[in-house]
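Read through the structure below, which is laid out as structure tokens, and then see the notes.
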Amino acid sequence: MTTATDVEVVDLATTPLRELNQRLHDGAAGGPLRWRIVNPNGAHAVAVGVDAPFEIEIEGHTGYYTAGMNKHAHVRVNGNVGVGCGENIMSGTIHITGNASQACAATGRGGLVIVEGDAAARCGISMKGVEIVVKGSIGHMSAFMAQSGALVVCGDAGDSLGDSIYETHIYVRGSVEGLGADCIEKELKEFHREELGRLLTAAGADAKVDEFKRYGSARRLYNFNIDHAGEY
Amino acid sequence: MSDYNGQAGDGMNWQPGLRESYIFDRNTIEEIRRAASQGIYDIRGFGAKRKLPHFDDLLFLGASMSRYPLEGYRERCDTSVTLGTRFAKKPIELKIPITIAGMSFGALSGQAKEALGRGATMAGTSTTTGDGGMTEEERGHSEILVYQVLPSRYGMNPDDLRRADAIEVVVGQGAKPGGGGMLLGQKISDRVAEMRNLPKGIDQRSACRHPDWTGPDDLEIKIEEIREITDWEKPIYIKIGASRPYYDTQLAVKAGADVIVLDGMQGGTAATQDVFIEHVGLPTLACIREAVEALQEMGMHREVQLIVSGGIRNGADVAKALALGADAVSIGVAAMIALGDNDPAYADDYAKIGSAAGFYDDWHEGKDPAGISTQDPELSKRLDPELGGRRLNNYLRTMTLETQTLARAAGKSDVHNLEPEDLVALTIEAAAMARVPLAGTDWIPGRSKDGF
């Protein structure tokens with residue numbers, strides 16, 4: 001019999017990924033709330049589709065789609081993650097102590113994703129409500145077609161930031177190599193200061209609100225206009 | 001006379017001595033005038049309207065001295081098909097080899113989605129969500145529902161993934177291979193906006209590229225993730241627009257598809273540039289054998305099922321697609337017409353919006369008099385979902401009976417036993433594309449011993 005304080009340890013060196021994910025899915029009906037996954041060795045799709053308020057700690061680097069479509073769980077990866085970590089996250093948190101590859105938190109609809117290091121290209125692409133805090137820098141085409149939610153970057157942002165953005169709030173402390181179509185610098189209003197401050201606190205980021213600039217949509221491409229055809 | 005741009009010489013303004021240009025016919029001239037006036041390309045729904053080699057260019061041979069037919073009304077001729085036998089724990093069993101293609105809530109009204117679900121369920125087949133997510137009307141009335149994973153990921157969530165019966169990763173669409181989509185602001189109601197996490201009234205673009213994978217190697221990993229999330233229960237389809245069907249089919253198999261959906265350029269769309277619809281992709285007829293041979297070379301024909309779509313209208317089209325090697329077909333435009341799209345009963349309403357029954361294709365504008373491609377509550381009410389469902393069921397049953405009729409005439413006790421040997425082509429082009437002999441000859445262009 002397990003209790004809520006027990007930690008279920010799963011060694012991916014000896015346990016098939018399928019078995020791990022099945023146990024996490026079945027565990028939503030009861031069982032241990034704390035999970036520790038060791039020896040991921042770059043495996044893809046680790047802890048995907050979890051729908052329970054688990055605390056999941058992954059010791060080591062993971063491959064693609066770590067904690068994809070997460071609901072409710074609090075996932076911590078002590079290492080780097082591959083492409084699409086936290087893709088379509090619905091709720092809960094994903095905390096990455098290393099770097100994140102491309103498309104981190106792509107299309108995420110809720111929850112919080114924290115990257116202690118850098119995130120590569122297309123961080124927050126098509127994000128739909130997720131909140132992302134990257135303590136390092138992000139690559140090009142980040143927040144492409146970003147719909148809602150917030151992206152905080154304590155370092156620098158690559159080229160074409162926020163291309164074709166809708167209503168996502170982007171905050172960047174460092175330099176921006178270039179803004180994408182319809183993305184402009186915007187005023188940091190009180191609402192945004194509160195939002196940014198809350199996210200910096202939640203992520204434990206050593207940065208001040210006043211150090212950031214905000215970027216968002218100029219809303220010039222919201223309805224097709226032939227005079228803007230070259231910008232689409 | 002122009003095949004693509006309409007018929008010259010049949011208009012009201014023709015007089016003896018007036019000769020219409022073949023290439024600058026009235027439709028072409030009108031399009032130039034419209035472009036000069038508006039400064040923007042024409043966007044419309046429907047599929048390719050130009051004349052293309054199609055199933056009409058093929059004929060069945062029927063039984064003869066050396067072939068034994070089945071009695072047309074009594075002898076058994078199976079139509080069922082199982083999809084997803086390669087990896088899925090829970091393959092799909094369809095009673096007929098005709099499915100309903102993905103059409104979004106947003107592009108279509110809630111009533112239309114419900115009607116599609118009702119009709120498909122009565123006929124024992126599946127329907128498919130489309131861009132914009134899964135609605136309760138659709139899930140509730142569709143016994144077998146395929147959930148599309150599209151580049152936009154509008155409405156995507158793990159709960160709907162799990163309550164789907166199959167999952168279709170959409171790489172491309174026959175009407176616009178390489179293109180994304182656009183739902184214009186006038187069709188963005190409160191509900192559509194909420195489902196897509198976007199403000200009301202703005203144009204909603206559907207990206208042409210997926211956000212979290214970029215090629216077949218990535219897609220293989222993406223599919224693994226979807227399977228893990230859904231505990232390997234669901235068949236996973238990959239839908240491709242017909243452009244390089246041989247290679248795309250092989251890459252889809254490599255990426256782990258249970259089912260491949262191959263959509264030719266006659267396949268419909270809710271809204272795309274006319275120039276895209278008419279000038280990109282391959283005719284449906286030209287891509288089936290390419291895909292089938294790709295599967296056969298990999299030893300995957302029938303193991304990975306092939307669904308063909310794009311211009312399927314009747315049982316003859318179904319039978320011919322199956323004879324060329326498809327496991328099933330899918331319909332979109334035809335299903336809308338069965339529900340009541342382009343109904344002459346609304347002739348006056350079509351005229352008011354500058355169209356006519358039989359020609360209406362401005363589905364993106366949200367003014368559909370038949371209440372199908374609209375979000376207008378008053379127009380939507382015109383479609384009774386129960387009646388629409390019954391009409392779709394009637395249509396699906398008719399197509400199935402027609403398919404069986406042709407199969408029995410060819411001596412087949414299962415519609416899937418139809419084969420290329422049962423067919424001939426009426427044109428050299430169709431013979432080359434379908435890889436069946438030109439009627440009255442044994443010549444398959446490009447396949448003869450001398451290479452001709």
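Values reported hereafter were calculated over all heavy atoms of this structure, with side chains retained and with hydrogens, waters and symmetry mates removed.
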- Task: Scan for ring-ring contact (aromatic ring centres under 6.0 Å, His included) pairs involving residues 189-217 of chain B, sequence neighbours excluded, and state none if there are none.
- Result: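 Qualifying pairs: B:H210-B:W213.
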Distance (rounded to the nearest 0.5 Å) between [X] [atom1] and [Y] [atom2]:
X	Y	atom1	atom2	value
A:S126	B:D212	OG	CG	9.5 Å
A:N88	B:N157	CG	CG	7.5 Å
A:H25	B:I229	NE2	CD1	7.0 Å

Within a radius of less than 6.0 Å around [atom1] of [X], do more than 12 heavy atoms belonging to other residues, nucleotides or ligands occur?
X	atom1	result
B:K90	NZ	no
B:E303	CD	yes
B:R209	CZ	no
B:K367	NZ	no

Using non-hydrogen atoms and a 4.5 Å limit, figure out which bit of [X] sits close to chain B: side chain, backbone, both or neither.
X	value
A:D51	side chain
A:R18	both
A:V48	both

- Task: Measure distances from B:I226 to the heavy atoms of chain A and classify the residue's part below 4.5 Å as side chain, backbone, both or neither.
- Result: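 Neither part.
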- Pick one of side chain, backbone, both or neither for B:S152, based on which atoms fall under 4.5 Å of a heavy atom in chain A.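 It is the backbone, since no side chain atom gets that close.
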- Any chance the side chains of A:Y222 and B:D203 put a donor and an acceptor closer than 3.5 Å?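 A:Y222 vs B:D203: no donor-acceptor pair found between side chains.
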- Would you say the side chains of B:N197 and A:Q147 form a donor-acceptor pair under 3.5 Å?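 Distance-only check fails for B:N197 and A:Q147.
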Work out which heavy atom in [X] is nearest to a heavy atom in [Y]; give both atom names and the distance.
X	Y	result
A:E167	B:P199	CG-CG, 3.8 Å
A:A106	B:P211	CB-CB, 4.4 Å
B:P158	A:M90	CD-CG, 3.6 Å

- Within the distance-only criterion (no hydrogens, no angle test), does the side chain of B:R153 pair as donor or acceptor with the backbone N or O of A:M127 below 3.5 angstrom?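 Not at all, since once roles are kept as given, no pair shorter than 3.5 Å links the two residues.
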- What do the steps show when you test B:R205 against A:S164 for side-chain contact (heavy atoms from CB on, under 4.5 Å), and what is the final call? CA-CA 10 Å; B:R205 280 166 291 158; A:S164 305; 3.5 Å; yes
- Any idea which of A:M141, A:R219, A:R109, A:Q102 has the most non-hydrogen atom pairs under 4.5 angstrom with chain B?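 With the most close heavy-atom pairs to chain B, the winner is A:R109.
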- Inspect the contact between B:D159 and A:K71 and indicate whether a charged nitrogen and a carboxylate oxygen are less than 4.0 angstrom apart.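 Looking at B:D159 together with A:K71, the answer is yes, because their closest N to O distance falls below 4.0 Å.
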- Task: Could you walk me through whether A:T107 and B:M156 pass side-chain contact (heavy atoms from CB on, under 4.5 Å), step by step?
- Result: CA-CA 9 Å; A:T107 77; B:M156 172 57 55; 5.6 Å; no
- Message: Do B:K222 and A:Y64 form a cation-pi contact, if we require the NZ or CZ to be under 6.0 Å from the six-membered ring centre and within 45 degrees of the ring's axis?
- Response: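 B:K222 over A:Y64 ring: no.
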- Message: Tell me whether the NZ or CZ atom of B:R196 lies within the 45° cone about the ring axis of A:Y166 and under 6.0 Å from its centre.
- Response: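 Checked: cation-pi criterion not met.
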- Message: B:E228 and side-chain contact (heavy atoms from CB on, under 4.5 Å): which single residue from A:V46, A:N21, A:L20, A:L24 fits?
- Response: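 Considering A:V46, A:N21, A:L20, A:L24, a side-chain contact (heavy atoms from CB on, under 4.5 Å) with B:E228 is found only for A:N21.
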